[in-house]
Amino acid sequence: MPVASTSTKKIPLFKPSPIKHSTPKRKPIPNWVDVSDGEDHIGKRKRLNSHVNVSNGAFKHHPQAHSTPPRKKPRVSGPAEEPLEPIQEHRRQLPIARGKDALVQEIIANEVTVLLGETGSGKTTQVPQYLLDAGFAEQGIIGITQPRKVAAISLARRVSVEQGQPLGTRVGYSVRFDERASAETKIKYMTDGMLTRELLGDSLLSKYSVIVIDEAHERTLRTDLLLANLKRILRLRNKGEDGKGKGKARNPLKVVIMSATLDAEKFSQFFHSAKIIYVKGRQHPVKIYHSAQGQQDYVDAALRTFFQIHIDQPPGDVLIFLPGQEDIESLEKSIELFANQLPQGHPEVMVVPMFAALQASQMPRVFAVPQNNARKCILATNIAETSITIPGVRYVIDTGKGKEKRYLAGNTGGGLDTLMTRDITQSSAMQRAGRAGREGPGFCYRLYTEEAFAAMLPAAEPEIMRCSLAQAMLQLLCLGQDLQELDLMDMPDHDAISSALRTLFLLGALDSHRELTPLGRAMASFPLEPTHARAVIASKELGSTAEVLDVISVLASSSKLFVDATDKRAEIAEARRALIHPAGDHLTLLNTVRAYRAAGVNGEDDDGEAERRKEAKGKGKVGRDARKEWARAHFISERTLREAAAIREQLCVSCERAGIDWRVSCGEREEPVLLSLAHGLAQNAALIAPDGTYKQIMGQTVVKIHPGSSMADKKVPAIIYDELVYTNQIYARGVSSISKSFFATLGAFNRREA
DNA sequence: TGGGGATTT
């Protein structure tokens, strides 16, 4: 074995194991309907537990598991028929097509339907079209929610092609910063956050005749809030004229809950034992191997497994799931080292790292076709589980580990995010394995035992149990709802609720009777965390709105501004030196945003005013290129800056509605900026102790300034910070120095505003 | 001396 000679370690041995016990034992539930076999079974409801496997969407484990699934011929055929358009033929061949009539019948007959559809069933593209055909769009819109923007957009694009109509007419989408929909739109794909927002304006969602919640198993915070509200809306909209459910409701609503796997029964129970409809998927079979023994060092085990595949197995790209960037970079080096020592005749290896913080310029490599028949090896975080699909993958190596952020509510100084490497869930494991079967039969090597798989949690805890509730509570209060009284699928811990209430009180959003204040209502009108919204509002009196919007829009962006590459540390530090502000990270952000804007004018520094005038006239290519080059030279994510610019524009609109003049600037004075931010970050503050450590003002937690902060290793009397993250230690991230005297008056300030 | 991944009229 050539690799064994370069490594003293033994290659792990794998035994094939067809996951015999991955279908959880379930009690017979009378509500199950299987429509996979098509219209033969209309009216003849089959009991699921007697004949169909449902829990394992990623791969098959019945006797015919390892053969390619049969492709059904179109039902409409014969010499007399017109040949079907390729698109329509494709639609008819999707697994769900055979169940169309039965599915529509069930949706007509029931208020809520739970649709359990495996990957590749076609449920997300087809069900809305079936509902359209069945006349559901005559009284309203068919809305389909997605957790991710890109999914909503690409689905709408696909379905508009299937409908033969331009995007934005019959089929449209609506996501933040981007909408393609019109008065004639009947099928609308949208993010769950968008529909949550619509609730604030129309608490009955009355323009929708059907709402389809897709990927419900992901249980995002917004999905959970939607589900609770849909239950309420159904009660209000679907009762008859006499108000008691008799007679015909004027504007009834249908709800369809779609889930890939697992938890279908929980959705059914939540909606009063709603019918569960099951549709098979059409995924290529993936053969699963578990390691015979548990692996202590998963990076090393992944290394050995990769070369075992590379040397022994036929061509096909390899996707390795790892927890984070550190492991990815370490494995990348190891694989390259060993790949260079391979004997002649072995294909080369092209190693591609993939994680969210990667520079945009590196991303295309993931999709590139390797040269010289090299084998591509993608090292990815769980970004490759749901967000990005990579073509060509035939082998998956699953370490069984992933990082998970979890919010721990504090009873004093705000909360704390933990970011820890943990065992993944069974649902994640199946999702990861499924990534090997998208184009053909595949293989998944799990670096953990079958017993370890069985011991994993079936699914991740819902997000509502793992995040700060302050923003959700504030939004609900504006709807006249109380999170504690809401009929949620899972109720968050009492600690999380009281911590959020406390935060809202300290920010002045609630009064001492827990009533929403005018300030709270103003805060809720911003698409921001309450802490950030508070800072924007505080900037009005302090005359620093333009600057605060520059800072907050970056903080509210989904990705990092400063991209770091481990191997260019010195170069990066040198490039950014001029941007660093002695007062800390917030003003460093401000410098960066200003410099970026100025770079678009002449490549020279500028007060930004000229650029704003130029922007108003239309964006010039020269300016765009200059900005792009500037961002690249300073190792700054332009994607983040562009997202921040879009957020800033939206915030300006919110400011206008709230009576805040977003043009007001404090010029070069820095204190008004920091003071505004401090009004929002009042709970996130620490004072230096005699021993040189920082201690929270509210609460006694000792915090360390994150090494990535410009304030790292600096000793100042007092700091504010964006967040606390616990990894190995409790780190404060996004740190600025602030005058100590500020805190004496802060509490009084917020309450006076309230 | 260290950064799982989404999202918002």
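Values in this document were obtained by computation on a predicted structure and should not be read as measured data. FYI, side chains are in, hydrogens and waters are out, and symmetry mates aren't considered; it's all heavy atoms of this structure. Throughout, a chain's letter reflects where its sequence line sits, starting with A, and its residues are numbered from 1.
In this structure, Val175(A) reaches the sugar-phosphate backbone alone: every heavy-atom distance under 4.0 Å involves primed, P, OP1 or OP2 atoms, never a base. Among the heavy atoms of the strands lying under 4.0 Å from Ser525(A) is at least one base atom, whether or not backbone atoms are also near. Within the nucleic acid shown, Phe526(A) has no heavy atom closer than 4.0 Å to any nucleic acid atom. Using a 4.0 Å heavy-atom cutoff across all strands shown, Arg569(A) reaches at least one base atom of the nucleic acid. At the heavy-atom level, Thr191(A) lies under 4.0 Å from the strands shown only through sugar-phosphate atoms. Backbone-only engagement by Arg148(A) is indicated by non-hydrogen atom pairs under 4.0 Å involving sugar-phosphate atoms exclusively. Looking at heavy-atom distances under 4.0 Å, Ile383(A) makes contact with sugar-phosphate atoms alone, never a base.
If you check the side chains of Tyr298(A) and Asp327(A), you find a donor sitting under 3.5 Å from an acceptor. A donor-acceptor contact closer than 3.5 angstrom links the side chains of Asp214(A) and Thr124(A). Side chain to side chain, Ser525(A) and Ser654(A) fail the donor-acceptor criterion of an N or O pair below 3.5 Å.
Position along DNA chain B of the nearest nucleotide to Ala556(A) versus Pro323(A) favours Pro323(A) as the more 5'-ward residue. Between Arg466(A) and Gln650(A), the residue anchored nearer the 5' end of DNA chain B, judged by the nucleotide with its closest heavy atom, is Arg466(A).
The outermost nucleotides of DNA chain B lying under 4.0 Å from heavy atoms of chain A, listed 5' to 3', are dT1(B) to dT9(B).
Taking the ring axis of Phe635(A) as reference, the NZ or CZ atom of Arg576(A) does not stay both within 45° of it and closer than 6.0 Å to the ring centre.
One finds the CG atom of Leu476(A) at 5.5 Å from the CG atom of Leu225(A) (value rounded to the nearest 0.5 Å).
Of the charged side-chain nitrogens involved, at least one lies within less than 4.0 Å of a carboxylate oxygen, so that Glu198(A) and Lys188(A) count as a salt-bridged pair.
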